[in-house]
Amino acid sequence: MNAHKEIDTRGMNCPLPILKAKKALADMSSGEVLKVVATDPGSTRDFQAFARQTGNELVEQSADGGEFIHFLRRR
């Protein structure tokens with residue numbers, strides 16, 4: 001999936017990946033996609049809850065070799 005912006009939150013634990021994503025999304029336009037790369041296994045459920053609470057769309061999530069990739073579309 002193509003993203004308009006990507007942030008690297010490897011090595012960061014909750015809540016830092018969410019806070020960085022929130023800040024990045026605030027600078028983006030509606031409809032743009034943010035890619036977040038994380039190593040925190042809890043980030044999968046954290047981003048699911050974040051999307052429900054904020055109304056941003058969680059487009060896709062995947063795990064690859066200890067990295068968790070999240071794609072969020074700005075509402």
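Just so you know, these numbers use all the heavy atoms, side chains as well, and skip hydrogens, waters and symmetry mates.
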Participant: Who pairs with R10 by side chain to side chain contact (heavy atoms under 4.5 Å, CB included), at least two apart in sequence or on another chain?
Facilitator: D8, V37, T39, E67
Participant: Could you note down all residue pairs passing ring-ring contact (aromatic ring centres under 6.0 Å, His included) where residues 7-39 supplies at least one of them, sequence neighbours left out?
Facilitator: none
Participant: Give the table of side-chain donor-acceptor pairs shorter than 3.5 Å for residues 22-35, with sequence neighbours excluded, one pair per line with atom names and distance.
Facilitator:
residue: S30; atom: OG; partner: R75; partner atom: O; Å: 3.3
residue: E32; atom: OE1; partner: S29; partner atom: N; Å: 2.9

Participant: Does any pair with a residue in residues 51-75 pass ring-ring contact (aromatic ring centres under 6.0 Å, His included), and if so which ones, sequence neighbours excluded?
Facilitator: F47-H70
Participant: Please list, chain by chain and in numerical order, all residues satisfying ring pair (Phe, Tyr, Trp, His ring centres under 6.0 Å) with F50, sequence neighbours excluded.
Facilitator: none
Participant: Taking the side chain as every heavy atom from C-beta outward, state whether Q61 and Q48 have any pair of such atoms under 4.5 Å apart.
Facilitator: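 Contact flag for Q61/Q48 side chains = yes.
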Participant: Which atoms form the tightest heavy-atom contact between A51 and L58, and what is the distance?
Facilitator: CB-CB, 3.8 Å
Participant: Hey, could you give me each pair passing salt bridge (charged side-chain N to carboxylate O under 4.0 Å, His left out) that has a residue in residues 36-63? Not counting sequence neighbours.
Facilitator: E57-R73
Participant: Check side-chain hydrogen bond (donor to acceptor under 3.5 Å, both in side chains) between E6 and all other residues, then give those that pass, not counting sequence neighbours.
Facilitator: none
Participant: Side chains of V36 and T9: does their closest heavy-atom pair fall under 4.5 Å?
Facilitator: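 The answer is yes; the side chains approach within 4.5 Å.
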